[in-house]
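Everything quoted here is computed from the prediction, not taken from an experiment.
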Amino acid sequence: PGFEEQIVGKNIGEEFDVTVTFPEDYHAEELKGKEAVFHCKLNGLQFNELPVLDDDFAKDVSEFDTLDEYKADIKAKLQENHNKQADAQVEEQIIKALCEKLEADIPEAMYENETENFVRDYDNRLRMQGLDLATYFKYTGMDLDTLRQNMSPDAERQVKTRLALETIAKLEGIVASEEEIEEEYARLAEAYKMEVEKIKEAVAADAIAEDLKVKKAIDLVKEKAVITEAAPAADSSAADQHCHTMPLSWISRAAVLVIFGSISRGLFPSRILFPPVSYCKPYLSFRRLHYGTCNYRHRTNQPRRTGL
């Protein structure tokens with residue numbers, strides 16, 4: 001305290017002493033309450049000069065001709081971002097409620113394999129940054145078992161979410177049209193800067209269709225859910241301030257189909273960067289493809305070929 005005040009009035013190039021006393025609660029024990037003298041030289045003065053907010057400013061920093069147009073655009077974008085965040089929070093809570101209501105005899109192997117895929121996902125992302133799991137463990141002190149334990153809850157939720165949504169899609173007769181599949185191929189081609197035909201060679205149409213159906217199922221659940229605002233609790237986040245109700249017929253029928261039908265059909269979710277895998281035979285066969293993405297090869301932007 002008092003350091004800045006003693007610099008006021010000094011000129012550039014001037015040398016001077018500043019005397020201060022460290023506070024009693026200073027973090028360094030040996031300096032608490034001690035007086036210190038700093039010999040200083042003022043090398044320069046800098047300050048921020050803010051521009052005038054007018055139409056000329058708007059023209060310089062945006063594509064708009066007036067400040068009012070620029071402000072309106074900023075406001076619209078902020079509102080759009082807030083709406084997206086709110087939608088994401090609602091979707092998160094709906095999926096949470098869906099998983100809580102789901103009753104199914106899901107083999108433990110499904111959770112274990114999904115956890116392994118989470119680990120593989122993380123390893124792939126590290127490799128894209130020039131690292132790997134071994135290096136990550138070295139610097140964090142973590143090991144593979146700890147990483148698996150940390151990822152296990154999310155992996156279990158992923159399993160339940162996909163199985164429930166696939167079942168709802170089947171119950172409601174949700175399908176993906178040829179036009180929607182072609183649109184998704186075009187979107188992927190644009191996202192990865194590749195030709196559409198190359199994407200089609202890498203990603204099977206039935207895999208695209210299954211993920212589109214799951215996305216539609218999410219949209220349907222959001223549409224049918226009853227959403228009410230709840231008073232925020234002192235220890236709750238904004239994402240927990242909603243209550244959701246879904247048709248119980250979906251849940252009860254989903255439980256039966258998950259046990260006797262959906263598992264044997266060989267459909268399962270994927271996550272970004274996961275390679276296609278078949279496992280747990282003869283009981284289960286999963287197709288890996290994350291909606292809206294392609295799987296990466298290590299350190300390339302080429303999608304990995306899919307297939308069971």
Side-chain angles (χ1 to χ4, degrees), residues 1-90 92 121-143 146-147 150-151 154 191 193 229 231-242 272-273 296 299-301:
F3 191 101
E4 292 82 1
E5 290 79 357
Q6 298 179 57
I7 300 177
V8 175
K10 305 299 182 181
N11 299 313
I12 295 176
E14 185 177 350
E15 297 187 23
F16 51 91
D17 291 335
V18 172
T19 303
V20 297
T21 300
F22 288 96
E24 294 295 337
D25 58 351
Y26 195 68
H27 65 275
E29 186 69 31
E30 66 277 11
L31 296 177
K32 289 182 177 180
K34 300 293 181 63
E35 184 178 274
V37 177
F38 293 88
H39 185 71
C40 307
K41 179 180 180 181
L42 188 60
N43 294 313
L45 296 173
Q46 296 180 349
F47 62 95
N48 293 325
E49 184 176 0
L50 299 178
V52 178
L53 296 180
D54 54 16
D55 292 345
D56 289 336
F57 171 78
K59 292 177 183 178
D60 289 340
V61 301
S62 73
E63 70 273 26
F64 300 102
D65 293 327
T66 68
L67 182 62
D68 288 340
E69 291 176 324
Y70 184 39
K71 286 182 176 180
D73 180 67
I74 293 175
K75 182 178 180 180
K77 289 177 179 177
L78 289 173
Q79 185 63 54
E80 181 182 4
N81 288 336
H82 284 308
N83 290 342
K84 288 181 178 179
Q85 291 176 10
D87 288 343
Q89 291 173 359
V90 169
E92 174 74 14
D121 174 21
Y122 197 65
D123 184 35
N124 285 342
R125 285 187 280 124
L126 287 173
R127 289 176 183 275
M128 291 176 66
Q129 301 175 45
L131 303 173
D132 56 23
L133 281 178
T135 305
Y136 175 77
F137 293 152
K138 177 181 178 181
Y139 286 103
T140 62
M142 191 183 294
D143 57 25
T146 303
L147 183 63
N150 292 342
M151 293 182 169
D154 287 336
K193 308 301 180 185
E229 292 288 339
D235 59 346
S236 66
S237 65
D240 294 323
Q241 296 172 18
H242 305 276
I272 189 169
L273 307 179
Y296 286 90
R299 302 189 186 185
T300 76
N301 62 352

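To the nearest 0.5 Å, the span separating CZ on Phe22 from CG on Leu31 amounts to 5.0 Å. Between the NZ atom of Lys10 and the CG atom of Leu42 there is a distance of 10.0 Å, given to the nearest 0.5 Å. Atoms NZ and CG, on Lys77 and Asp73 in that order, are 4.0 Å from each other to the nearest 0.5 Å. Considering CG of Asn124 and CG of Asp121, their distance stands at 6.5 Å, rounded to 0.5 Å. From Glu14, atom CD reaches atom NZ of Lys41 across 11.5 Å, with rounding to the nearest 0.5 Å. Here CD1 of Ile74 is found 12.5 Å from CD of Glu69. Values are rounded to the nearest 0.5 Å.
Tyr136 is linked by a ring pair (Phe, Tyr, Trp, His ring centres under 6.0 Å) to Tyr122, counting only residues two or more places apart in sequence or in another chain.
Judged by distance alone, with hydrogens and angles left aside, the side-chain atoms of Thr135 form no donor-acceptor pair with the main-chain N or O of Leu131 at under 3.5 Å. When atom types are taken as modelled, the side chain of Gln89 and the backbone of Ala86 share no donor-acceptor pair closer than 3.5 angstrom.
Nearest approach of Gly33 to Thr21, heavy atoms of both residues: O-CG2, 3.7 Å. When all heavy atoms are compared, the tightest approach of Phe57 to Asp54 is N-OD1, 2.9 Å. Nearest heavy atoms, Asp132 versus Asp123: CA-OD1, 3.9 Å. Closest approach of Met142 and Asn150 over heavy atoms only: CE-ND2, 3.8 Å.
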Step by step, would you call Asn43 with Ile12 a side-chain contact (heavy atoms from CB on, under 4.5 Å)? CA-CA 6 Å; Asn43 294 313; Ile12 295 176; over 6 Å; no
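Of the residues Lys34, Gln6, Glu35, the one that meets the side-chain contact (heavy atoms from CB on, under 4.5 Å) test with Val20 is Gln6.
With respect to Lys59 and Asp55, no salt bridge is recorded, no charged nitrogen being found less than 4.0 Å from a carboxylate O.
Side-chain N/O atoms of Asn83 and Gln79 include a donor and acceptor closer than 3.5 Å.
Using a 4.5 Å heavy-atom threshold, the side chains of Tyr70 and Asp65 count as separate. The shortest distance between side-chain heavy atoms of Leu133 and Leu126 falls below 4.5 Å. For the pair Val37 and Val18, the minimum side-chain heavy-atom distance is 4.5 Å or more. In this structure the side chain of Phe38 never reaches within 4.5 angstrom of the side chain of Thr19, judged on heavy atoms. At least one side-chain heavy atom of Phe47 sits less than 4.5 Å from a side-chain heavy atom of Glu49.
Within 6.0 Å of NZ in Lys32 there are more than 12 heavy atoms belonging to other residues, nucleotides or ligands.
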